Amino acid sequence: MEQPIIMKGQKQNLPTTFTKLFNAQLQLINVLSFLFLFGCGLVTGVVLSSYLKNASFNLHVTQFSVSTTTTTTVPLATLPTFKLPRVGLKEHLKVPDVKHDMDEKELLWRASMTPRIREYQFDRVPKVAFMFLTKGPVLMAPLWERFFQGHEGLYSIYVHSSPSYNESEPESPVFHGRRIPSKVSFLHSFLRFNHVNLTFVSCCFDPQSTSIMMFNGNTNIIEAERRLLANALLDISNQRFVLLSESCIPIFNFSTVYTYLMNSTKNHVDSYVLDGPVGNGRYNPRMRPVIKIEQWRKGSQWFEMDRDLAIEVVSDQEYFPVFQKYCKRQCYADEHYLPTFVSMKHSERNSKRSLTWVDWSRGGAHPAKFLRREVTVEFLERMRSGSKCVYNGNSTNTCFLFARKFLPSALERLLRFAPKVMHFNS
């Protein structure tokens, strides 16, 4: 029989072919083994996960069952009780310390917040905020001590002194720790640094009763007043706000003042039209159209207002910037800003008069100052009842609750007459 003819080259390639086939089969087996092991692992993972979930659920059911059984068998009186402390409005009502670290913008923003719901959700005793704008210490502090005595919880005190005051003089207890952070104006720092004689600086008020140095009638005084209002507004219990100077005195006792203010349906911001150089002559035409000449008003800076108006004043970003920009030189902002603002926006709620008695009868740029010899019973009675005005729609002769400007020499007589004339401690 014929044998197949095998070429020489074919004999040499036969082992190599068998090797390649074997390697291919081995690789296929490895791949199939890997896929098998992977599948086994996946199935095992799914089964194990399902088992653990069931076990966890059964454990929770068992614990719940045991807990229920235990609760029903143990008397409730023997179980410990846990009660979370109630926070409520406590954090919201907390009054920041007078020496806070808020800057000007933060302070005004915080003070401008007000609840839309009028009914208070806590026991609120309304207080009067007495705000003192001073150069240094409160000169009549002993008299005010006597005035406040026994009426704690019905008033708050805030003092804004000149940034140059170093608090070197001892303070009476009622004023201790009541100074709010003040702001040094650039001009004041410049003058002090360069040793400029401050007697040549134009100032709208007597230095003995001015908190912030004013030059060319700028708005630093108004900034100080807004700062006082803003700090007082942080206490939500403050309802009425009175601005006073270091030379002011009360001419009625605390109970009378408190009742008068709390029952008043009006604010007391002095506001009137005055022709001439010290009235309409101070108006700057560049204030138009925001403020027109027919809206321009003049008045005393010593005001009294309720909480709603105080919030409006610290929130004002329309009219105050106009005064900052255009009320300069002989335009004294403290005599025009609030009278104009209140007349334009809140006239119906304003009595257009101040509650602080001042004597301008002697003429000049500043009101009269009173020494010891001028303080008599007759003089005090004249301040208390020598005028006519309207209070809550009715005519009355109780028009002023405070008076100025009293020098320290008058303090001894005021303390002597206070119980008899002003009925202090009654």
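In this text, all values refer to a predicted model and were calculated from it rather than measured experimentally.
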Side-chain heavy atoms of [X] within contact of [Y], under 4.5 Å:
{"X": "P173", "Y": "E145", "result": "yes"}
{"X": "M305", "Y": "R240", "result": "no"}
{"X": "L309", "Y": "R349", "result": "yes"}
{"X": "D359", "Y": "P367", "result": "no"}
{"X": "Y155", "Y": "F147", "result": "no"}
{"X": "F417", "Y": "M422", "result": "no"}
{"X": "F303", "Y": "L229", "result": "yes"}
{"X": "F424", "Y": "P250", "result": "yes"}

Calculate, to the nearest 0.5 Å, the distance between atoms [atom1] and [atom2] belonging to [X] and [Y] respectively.
{"X": "I249", "Y": "F402", "atom1": "CD1", "atom2": "CZ", "value": "11.0 Å"}
{"X": "K127", "Y": "Y258", "atom1": "NZ", "atom2": "OH", "value": "10.0 Å"}
{"X": "I222", "Y": "L338", "atom1": "CD1", "atom2": "CG", "value": "5.5 Å"}
{"X": "S351", "Y": "N392", "atom1": "OG", "atom2": "CG", "value": "10.0 Å"}
{"X": "S156", "Y": "M131", "atom1": "OG", "atom2": "CE", "value": "11.0 Å"}
{"X": "L143", "Y": "R146", "atom1": "CG", "atom2": "CZ", "value": "7.5 Å"}

Say whether [X] and [Y], considering side chains only, have a donor N or O and an acceptor N or O under 3.5 Å apart.
{"X": "D316", "Y": "Y337", "answer": "yes"}
{"X": "S237", "Y": "R124", "answer": "no"}
{"X": "T256", "Y": "N253", "answer": "yes"}

I need the minimum non-hydrogen distance between [X] and [Y], along with the two atoms involved.
{"X": "F370", "Y": "A410", "result": "O-CB, 3.9 Å"}
{"X": "E381", "Y": "V421", "result": "OE2-CG1, 3.8 Å"}
{"X": "A230", "Y": "L107", "result": "CB-CG, 3.7 Å"}
{"X": "N350", "Y": "S271", "result": "ND2-CB, 4.2 Å"}
{"X": "R413", "Y": "R372", "result": "CD-O, 3.3 Å"}
{"X": "S347", "Y": "S343", "result": "CB-O, 3.3 Å"}

Please assess L261 against V242 for the test side-chain contact (heavy atoms from CB on, under 4.5 Å), listing each intermediate value before the final yes or no. CA-CA 10 Å; L261 297 181; V242 182; 3.9 Å; yes
Over-ring placement of R226 relative to F320, 6.0 Å and 45° cut-offs: yes
If you draw the axis of the six-membered ring of F252, does the NZ or CZ of R384 fall within 45° of it and under 6.0 Å from the ring centre?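 Ring-cation test returns yes.
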R297 and T340: side-chain hydrogen bond (donor to acceptor under 3.5 Å, both in side chains), yes or no, with the steps? CA-CA 5 Å; R297 296 292 184 274; T340 300; over 6 Å; no
Determine yes or no for a side-chain-to-main-chain donor-acceptor pair under 3.5 angstrom, with [X] supplying the side chain and [Y] the backbone.
{"X": "D334", "Y": "I221", "answer": "no"}
{"X": "S247", "Y": "K405", "answer": "no"}
{"X": "N284", "Y": "Y326", "answer": "yes"}
{"X": "N267", "Y": "V269", "answer": "no"}
{"X": "T396", "Y": "Y391", "answer": "no"}
{"X": "D103", "Y": "E106", "answer": "yes"}
{"X": "Y260", "Y": "T398", "answer": "yes"}
{"X": "E335", "Y": "Y332", "answer": "no"}
{"X": "N263", "Y": "T259", "answer": "yes"}
{"X": "R307", "Y": "N238", "answer": "yes"}

Would you sort out whether F148 and F130 count as a ring-ring contact (aromatic ring centres under 6.0 Å, His included), showing the intermediate values? CA-CA 11 Å; F148 289 122; F130 292 86; 5.1 Å; yes
Going by an N to O cut-off under 4.0 Å, is there a salt bridge joining [X] and [Y]?
{"X": "R382", "Y": "E374", "answer": "no"}
{"X": "K352", "Y": "D270", "answer": "no"}
{"X": "K345", "Y": "E312", "answer": "no"}

Going through the checks in order, is the side-chain contact (heavy atoms from CB on, under 4.5 Å) test met by M102 and L234? CA-CA 12 Å; M102 285 184 282; L234 298 182; 3.7 Å; yes
Could you list all the disulfide bond (SG atoms under 2.5 Å apart) pairs where at least one residue sits in residues 344-414, not counting sequence neighbours?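 Qualifying pairs, neighbours excluded: C389-C399.
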Please work out whether the ring planes of F379 and F406 are parallel, tilted or perpendicular, with thresholds of 30° and 60°.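 The rings of F379 and F406 sit tilted, inter-plane angle from 30° to 60°.
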Over 60° means perpendicular and under 30° means parallel, so classify the ring planes of F254 and H151, tilted if in between.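 If you compare the ring of H151 with that of F254, the planes turn out parallel.
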Give the intermediate values and the outcome of side-chain contact (heavy atoms from CB on, under 4.5 Å) for residues N280 and L274. CA-CA 6 Å; N280 287 349; L274 180 65; 5.8 Å; no
Stepwise side-chain hydrogen bond (donor to acceptor under 3.5 Å, both in side chains) test for R282 and H336: CA-CA 9 Å; R282 294 174 177 174; H336 297 283; 3.2 Å; yes
Got more than 12 heavy atoms from elsewhere within 6.0 Å of CZ, R286? no
Does E152 CD have over 12 foreign heavy atoms under 6.0 Å away? yes
Could you give me the CA-CA distance, side-chain angles and deciding distance for F132 and W144, then say whether ring-ring contact (aromatic ring centres under 6.0 Å, His included) is met? CA-CA 11 Å; F132 291 84; W144 285 104; 5.1 Å; yes
Between L133 and L244, is a side-chain contact (heavy atoms from CB on, under 4.5 Å) present by the stated rule, with each step listed? CA-CA 6 Å; L133 190 60; L244 302 158; over 6 Å; no
